[in-house]
Amino acid sequence: MQSIFHSGRHNSRGLLSLVHPNKELFQRQRALLRGTIPAGFPSPADDYVAGHLSLDEHLIRHKESTFFMRVAGVSMRGVGIYDGDLLVVDRAIPATHGCVVIAVVDGEFTVKQLLHMPEGPVLRAAHPDYPDQLIKPEQDFSVWGVVQWNVHKV
Amino acid sequence: MQLAIALVDCNNFYVSCERLFQPQLEGKPVVVLSNNDGCVVSRSQEAKDLGIGMAVPWYQLQDVARKHGIIALSSNYTLYADLSNRVMSLLSQFSPDQEIYSIDESFIDLSGIPADLTDYGQQIRRAIRQCVGIPVCVGIAASKTLAKLANHVAKKQPYYHSVCDFNRMTDAELNILLDAIEVGEIWGVGKRSTARLRTMGIHTVLDLKHASPMCIRNEFSVVLERTVAELNGVACLKLEDVTPPRQQIICSRSFGSPVSSLPDLGQAVIAYTARAAEKLRDQHSIAGGIQIYIRTNPHKINAPQHQQSILIALPEPTDDTRQLCHAALSGLRQIYRNGYAYQKTGVMLTAIIPATDRPRTLFDDIAAQHQSSALMTTLDHINRRMGSGTLRLLGEGVKKNWAMRRGNMSKRYTTEWRELAVCRG
């Protein structure tokens with residue numbers, strides 16, 4: 001490893017500068033490269049390597065019942081769910097009053113807050129332009145899953 | 001102690017998978033078609049009620065379909081396999097001993113579970129319905145053969161609410177049920193045996209249960225004698241938790257449209273050989289021979305017909321895709337004839353032995369073998385991680401003129417980022 005970069009210091013100036021005409025950037029990168037080269041001493045941290053953190057572990061509690069869905073629309077903006085976001089949905093979680101769910105209304109998926117009201121289930125958006133939707137008994141309605149996480153690109 | 005074997009079977013599995021992500025299909029007659037949109041392989045209850053049979057060619061159903069608005073979907077095995085894995089994984093949590101019997105069926109051993117097994121079956125049903133969204137039926141009995149029949153009863157008779165436990169019935173109750181089921185419904189009793197059993201006056205399951213084992217053995221086989229024992233509650237078949245390595249690996253498919261040119265056929269043969277080789281390495285085996293066959297469409301009576309197969313022995317047993325393809329192509333060149341519209345081709349790997357039993361010779365090129373195994377391991381690794389077919393032989397071709405016809409396939413909702421289900425926000 002060391003030898004590659006030693007020779008690299010002599011030869012690569014021309015080569016690298018072709019890719020990075022910006023001289024300052026090149027200098028900085030070269031410094032960076034030099035800093036990370038193991039120069040023969042074993043790292044004192046070698047014995048403490050503990051794998052890596054997996055987002056799956058953090059976001060998926062039940063692997064059999066967890067599914068991903070894509071959001072289309074702005075009605076849940078108020079709770080931080082935006083158009084194009086990626087939802088982590090778990091079907092094993094009971095849909096209690098107030099949780100954000102994927103509901104099926106007349107054969108279509110929708111993401112809303114679920115309220116168990118005396119007059120029946122209500123789907124509430126998080127946007128001033130979208131009124132509450134009371135589900136009528138004759139409507140096709142079911143809760144498909146409970147939204148656990150929203151993955152949003154900043 | 002009496003055994004309690006449960007057979008858990010998904011209802012209308014492929015249709016149920018489709019409905020999970022297309023809820024608008026709920027309540028409508030839906031069928032799923034086989035590869036190339038050929039025959040009906042799964043039907044919703046609504047489609048069954050319209051008299052749509054299993055394995056009926058789709059083109060014969062055009063009129064009925066139009067009249068009743070039957071929705072036909074191409075099979076989406078990627079989706080079905082993923083949902084099947086989820087069902088099987090959940091099921092494994094209900095029992096220490098599981099045999100996955102097919103994509104939509106699994107035996108689990110419930111012997112000694114300290115619970116009312118009908119309740120337990122309902123729990124299993126609710127869990128799978130809620131977690132994966134797939135409806136299942138549960139049949140429980142003292143043997144695998146009886147468990148299959150219990151499942152049949154659970155499915156057909158609404159009285160049992162999809163869970164039927166033969167073990168909690170008296171003999172008299174059970175016999176009444178068995179007397180109402182035709183003998184052909186029994187697991188492993190084929191059409192031919194059914195016809196012969198009928199001539200002997202054995203029409204129902206109960207008739208066979210009460211038949212003389214000796215007589216059945218003499219007239220048929222030890223296998224059917226064992227079935228008689230199983231019907232009497234004596235378990236002869238164990239749960240097989242590990243499927244034994246296969247002795248033959250077959251990969252064959254019909255083309256989307258007929259293929260006449262040798263290069264196109266060659267591409268298909270290479271693609272199927274590559275797939276078969278992958279399966280071979282999966283079970284850590286090597287093959288000593290490869291058989292190739294091609295055929296025209298036998299249903300087109302007026303078209304010129306040709307079908308032929310050839311077995312090529314490999315110089316040494318191998319699992320290397322390149323060597324297998326080389327042999328397959330040389331075989332294809334020997335049987336191919338110009339001027340025929342071929343409809344199907346297939347390859348079969350034979351003389352399969354465990355890779356550890358590879359015969360050694362004095363002239364083995366050890367270095368080449370190591371290189372080959374490293375390359376194949378890398379190939380499989382990349383395809384497992386990045387998706388099947390990511391890295392493949394160029395010989396498979398890029399534009400596949402012979403690819404399957406899948407006119408109305410749903411999205412791969414659970415395995416492709418670009419094909420996720422969309423919800424209204």
Side-chain angles (χ1 to χ4, degrees), chain A residues 60-95 100-113 123-127 129-130 133 139-147 150-152, chain B residues 8 10 16-28 30 44 46 69 71 78-79 81-94 98 100 106 123-136 385 410-425:
Chain A
I60 300 177
R61 217 163 100 200
H62 310 110
K63 68 177 167 53
E64 291 89 2
S65 57
T66 298
F67 297 87
F68 302 138
M69 274 202 192
R70 191 69 70 184
V71 180
V74 296
S75 74
M76 293 300 279
R77 216 173 56 181
V79 292
I81 298 177
Y82 298 91
D83 190 44
D85 280 0
L86 176 75
L87 299 177
V88 180
V89 183
D90 192 342
R91 291 178 56 96
I93 307 283
V100 174
V101 300
I102 300 292
V104 178
V105 184
D106 297 325
E108 208 181 277
F109 291 123
T110 182
V111 52
K112 294 287 176 293
Q113 188 186 24
L123 294 180
R124 176 168 289 175
H127 191 289
D129 295 350
Y130 292 80
Q133 188 185 359
Q139 262 182 309
D140 250 348
F141 171 80
S142 64
V143 174
W144 195 89
V146 174
V147 177
N150 179 30
V151 182
H152 174 75
Chain B
V8 183
C10 302
S16 298
C17 292
E18 298 289 351
R19 278 181 170 166
L20 180 63
F21 287 98
Q22 299 187 69
Q24 75 276 12
L25 296 178
E26 211 67 56
K28 293 183 183 150
V30 181
S44 72
E46 296 80 2
I71 298 157
T78 317
L79 176 66
D82 179 67
L83 293 176
S84 168
N85 287 337
R86 290 167 186 255
V87 170
M88 298 308 170
S89 166
L90 269 179
L91 268 181
S92 73
Q93 297 166 19
F94 284 92
Q98 177 183 30
I100 297 172
S106 175
Q123 260 185 54
I124 292 174
R125 223 167 73 79
R126 273 196 303 273
I128 296 177
R129 180 79 221 221
Q130 168 153 20
C131 293
V132 198
I134 301 292
V136 302
R385 255 185 72 179
S410 53
K411 303 255 168 59
R412 290 166 292 177
Y413 301 101
T414 57
T415 50
E416 285 289 328
W417 287 113
R418 280 162 303 173
E419 300 183 16
L420 297 180
V422 174
C423 58
R424 285 253 130 247

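Each chain gets a letter, A, B and so on, in the order its sequence line appears, and its residues count up from 1.
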(request) Against chain A, work out which of B:Leu20, B:Asp82, B:Val132 has the most heavy-atom pairs shorter than 4.5 Å and name it. (result) B:Leu20
(request) Identify which part of A:Ile81 has an atom lying under 4.5 Å from any heavy atom of chain B, answering side chain, backbone, both or neither. (result) neither
(request) Identify which part of A:Ile93 has an atom lying under 4.5 Å from any heavy atom of chain B, answering side chain, backbone, both or neither. (result) backbone
(request) Name the region of B:Arg129, side chain, backbone, both or neither, that has any atom closer than 4.5 Å to a heavy atom of chain A. (result) backbone
(message) Can you give me the closest heavy-atom contact between B:Pro23 and A:Gly107, atom names plus distance?
(response) CG-O, 3.8 Å
(message) What part of A:Thr66 gets within 4.5 angstrom of chain B, counting heavy atoms only: side chain, backbone, both, or neither?
(response) backbone
(request) Given side-chain contact (heavy atoms from CB on, under 4.5 Å), test A:Lys63 with B:Ser89 step by step and report yes or no. (result) CA-CA 9 Å; A:Lys63 68 177 167 53; B:Ser89 166; 3.1 Å; yes
(message) As an exercise: rank B:Arg424, B:Gln22, B:Gln24, B:Glu26 by heavy-atom pairs under 4.5 Å with chain A and give me the winner.
(response) B:Arg424
(request) Would you mind checking which part of A:Val71 comes under 4.5 Å of any heavy atom in chain B, side chain (CB onward), backbone (N, CA, C, O), both or neither? (result) both
(request) Mind running side-chain contact (heavy atoms from CB on, under 4.5 Å) on B:Trp417 and A:Phe68 for me, showing each step along the way? (result) CA-CA 9 Å; B:Trp417 287 113; A:Phe68 302 138; 3.6 Å; yes
(request) Count the heavy-atom pairs under 4.5 Å between each of B:Asn85, B:Leu90, B:Leu83 and chain A, then report the option with the highest count. (result) B:Leu90
(message) To the closest 0.5 Å, what do you measure between CE (A:Met69) and CZ (B:Phe21)?
(response) 6.0 Å
(message) Please classify the contact between B:Glu419 and chain A as side chain, backbone, both or neither, with a heavy-atom cut-off of under 4.5 Å.
(response) neither
(message) At a heavy-atom distance under 4.5 Å, which candidate from A:Asp83, A:Val105, A:Leu86 has the highest pair count against chain B?
(response) A:Leu86
(message) So, taking the atom named CD in B:Gln130 and the one named CZ in A:Arg91, what distance separates them when rounded to the nearest 0.5 Å?
(response) 7.5 Å
(request) Report the option among B:Ala421, B:Gly425, B:Gly133 that has the most heavy-atom pairs separated by less than 4.5 Å from atoms of chain A. (result) B:Gly425
